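Worksheet: one structure, shown below.
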Amino acid sequence: MGTNTNKNAFASKMGAILAAAGSAVGLGNVWRFPTETGLNGGAAFILIYVLFMLLLGVPVMISEFVIGRYSQKSVSESFYSMSGGKNAWRYMGLIPMFSSFLVLSYYAVVAGWTLEYAFQAAVNGFAGKEVTQYAVDFVNFSSNPVQPLIWMGLILAITCVIVALGVQKGIERGSKIMMPVLFVFLVILAVCSLSLPNSSQGLMFLLKPDFSKVTAQTVLSAMGQAFFSLSVGLCCLCTYACYFRKDVNLVKDATSVASIDTLVALCSGFIIFPAVYSIQGLQPDAGPSLVFITLPSVFQQVFGDMPVLAYGFSLMFYLLLVVAALTSSISMLEMGTAYFQEKFHVSRVKCAIGVTCVCFVLGTACSLSFGDWSYVKVFGMGFFDLFDYLVAKFIMPIGGLLATFFVGWVVDEQVLKSELTNGGTVSQPLYRVIRLLVRYLTPICILLIFFSELGFF
Ligand code: PFF
């Protein structure tokens, strides 16, 4: 078994689950999931998404856990050492590592928006506006060349401080505080939203599938959403798994994280769609602006007679988004930080600051693509859309393919068996099923979806 060169480790099993769940639960659940669900027709999309979580997401997560905990090394070095010293695998491992820069860059832009909206909610900035004003305000804010950059810088700075503090004092402690806060906010908001007039229509949208809306694009979107939401495919969870103790049950952990993640996504749906349907004329397919344009107006209109509730609901919702964004951005930054720390023997603080600065520069390009640089298009997309498209629809599924192929075919079978049974100390009744998924089903499914998307059949 690999030697533990990294003295850092999550102190408790709970800390390990909460940190991994913190990485998974994020804007992907509260912002991207409702957006994709709204654009892809509701319940039918959700069913396909849940199927992909089980068939693709969980096996990839287990593979990443196995790689990380066994090797106790940062991503590309784990591929290198576990492949028996093959340089090709080292370079392959660099792809997800550098992709974590891309994802953090555009993620930090939206995380910055959530901070601005939490601030606006705190100073009661949404009150007393005309309905059309929310859209104007959002466009003015997101296209402003300076303001979003300040908020993005602040989010990146907070993330950097937590990562620089280290695994136990920063990541584990942060997750243990932030995750329970997030769950409490979610439940309160969902209960309030479900008690609104017409909320049943929102529920129908989430629960009654309309398969006529399903296209090849829906399937690719559902796969992208499953990978993005579970944080798998960028090997981000390999890095966290390095810090898992040897007695953590990897299969249980992966299923707990996937269940928490799905519950949070559904809960966000239960907050957002009933609220949207409670007002005549609003549509669930408003796209990415749903959370930033539609919802502030919904909160004010629904609680028109009770300004205190409108204030509380808005503030709680945007704080929820901030917390969710932070627990995920920490895991993205940790990946690059751990790599550079191990590779160049530089202090954790310096590595965290270095990666943060690179992401700030890339994030600036993404933020400006909503305003001054909106004319710059690559493959017809601005930087923000391009990064999201590349990461969620290509790099993450390809990374998932790599991780499962690696564990299923390149690494000795005993490694998988030993990691899943904690060195033979616990039984693993699902071992054969997991092996089948990791070796055949998961990689084949990912390939089939890709080839069909590329028009091969
Ligand atoms: N899973 C996170 C979310 O749902 O917001 C996003 C994410 C985190 C993607 C970490 C990729 C990653 F490596």
Side-chain angles (χ1 to χ4, degrees), residues 18-37 49 52-53 56-58 60-61 64-65 67-68 74-75 93 95-114 155 159 162-163 171 175 178-179 182 186 221-241 254 257-269 288 291 320-339 355 359 387-400 402-403:
L18 285 182
S23 168
V25 171
L27 294 175
N29 303 65
V30 197
W31 172 67
R32 207 173 183 283
F33 174 78
T35 301
E36 293 282 316
T37 305
Y49 158 77
F52 284 163
M53 290 284 242
L56 313 181
V58 174
V60 175
M61 189 183 290
E64 293 195 5
F65 281 173
I67 297 172
S74 68
V75 171
I95 302 174
M97 210 284 292
F98 282 110
S99 306
S100 71
F101 285 47
L102 293 189
V103 73
L104 180 54
S105 311
Y106 80 86
Y107 200 82
V109 174
V110 185
W113 296 349
T114 66
I155 278 282
T159 309
I162 297 177
V163 168
I171 302 174
S175 309
M178 288 191 275
M179 291 308 284
L182 192 135
L186 265 176
S221 298
M223 175 166 78
Q225 180 58 23
F227 276 90
F228 189 87
S229 189
L230 281 184
S231 309
V232 294
L234 288 187
C235 297
C236 185
L237 295 175
C238 289
T239 311
Y240 269 15
V257 172
S259 315
I260 295 174
D261 190 68
T262 310
L263 273 180
V264 172
L266 289 177
C267 228
S268 309
V291 161
L320 170 93
L321 280 177
V322 171
V323 172
L326 268 177
T327 54
S328 297
S329 54
I330 291 168
S331 67
M332 298 173 196
L333 183 60
E334 174 62 21
M335 202 169 153
T337 303
Y339 173 76
V355 179
C359 291
F387 283 16
D388 182 51
Y389 188 79
L390 283 179
V391 168
K393 300 212 169 117
F394 288 94
I395 300 175
M396 292 184 100
I398 290 175
L402 274 184

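The structure presented is a predicted model; accordingly, all values stated were derived computationally and were not measured. Just so you know, ligand 1 is whichever comes first in the structure, and atom 1 is the first atom listed for that ligand.
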What do you reckon, does L27 have a nitrogen or oxygen under 3.5 Å from a nitrogen or oxygen of ligand 1?
yes
Working note: D388 + R32, criterion side chain to side chain contact (heavy atoms under 4.5 Å, CB included); need CA distance, chi angles, decisive distance, verdict.
CA-CA 11 Å; D388 182 51; R32 207 173 183 283; 3.4 Å; yes
Indicate the ring-plane relationship of F228 and Y107, choosing parallel, tilted or perpendicular according to the 30° and 60° boundaries.
tilted
Relative to ligand 1, is C236 under 4.0 angstrom through side chain, backbone, both or neither, heavy atoms considered?
side chain
Against heavy atoms of M396, which atoms of ligand 1 measure under 4.0 Å?
9 (C), 11 (C)
Sub-4.0 Å atoms of ligand 1 with respect to non-hydrogen atoms of G28
3 (C), 4 (O), 5 (O)
For S268 and N29, does a side-chain donor sit closer than 3.5 Å to a side-chain acceptor?
no
Any non-hydrogen side-chain atom of S331 less than 4.5 Å from a side-chain atom of T239?
no
So which protein heavy atom does atom 7 (C) of ligand 1 come closest to, and at what separation?
M332 CE, 3.5 Å
Quick test: of every protein heavy atom, which one is nearest to atom 9 (C) of ligand 1, and how far off is it to 0.1 Å?
F228 O, 3.7 Å
In terms of heavy-atom contacts, V25 and S328 come closest through O-OG, 3.0 Å
Smallest heavy-atom separation, C236 atom then S23 atom, equals SG-OG, 4.2 Å
Run the side chain to side chain donor-acceptor pair (under 3.5 Å) test against E334 and tell me which residues pass, sequence neighbours left out.
Y243, R348
Check against side chain to side chain contact (heavy atoms under 4.5 Å, CB included), I330 and M178:
CA-CA 12 Å; I330 291 168; M178 288 191 275; 4.0 Å; yes
Could a heavy atom of S100 be found less than 4.0 Å from some atom of ligand 1?
no
What atoms of ligand 1 come closer than 4.0 angstrom to any heavy atom of A24?
1 (N), 2 (C), 3 (C), 4 (O)
Looking at atom 12 (C) of ligand 1, what's its closest protein heavy atom, distance included?
S231 CB, 3.8 Å
Is there a heavy atom in Y107 that sits closer than 4.0 Å to ligand 1?
yes
Going by the atom numbers of ligand 1, which of them fall below 4.0 Å from some non-hydrogen atom of N29?
4 (O)
Tell me whether S229 has any N or O atom under 3.5 angstrom from an N or O of ligand 1.
yes
Taking the side chain as everything from C-beta on, heavy atoms only, tell me whether F33 gets closer than 4.5 Å to V30.
no
Atoms of ligand 1 less than 4.0 Å from L234 heavy atoms?
11 (C), 13 (F)
Ligand-residue contact atoms, ligand 1 with S331, heavy atoms, under 4.0 Å
10 (C)
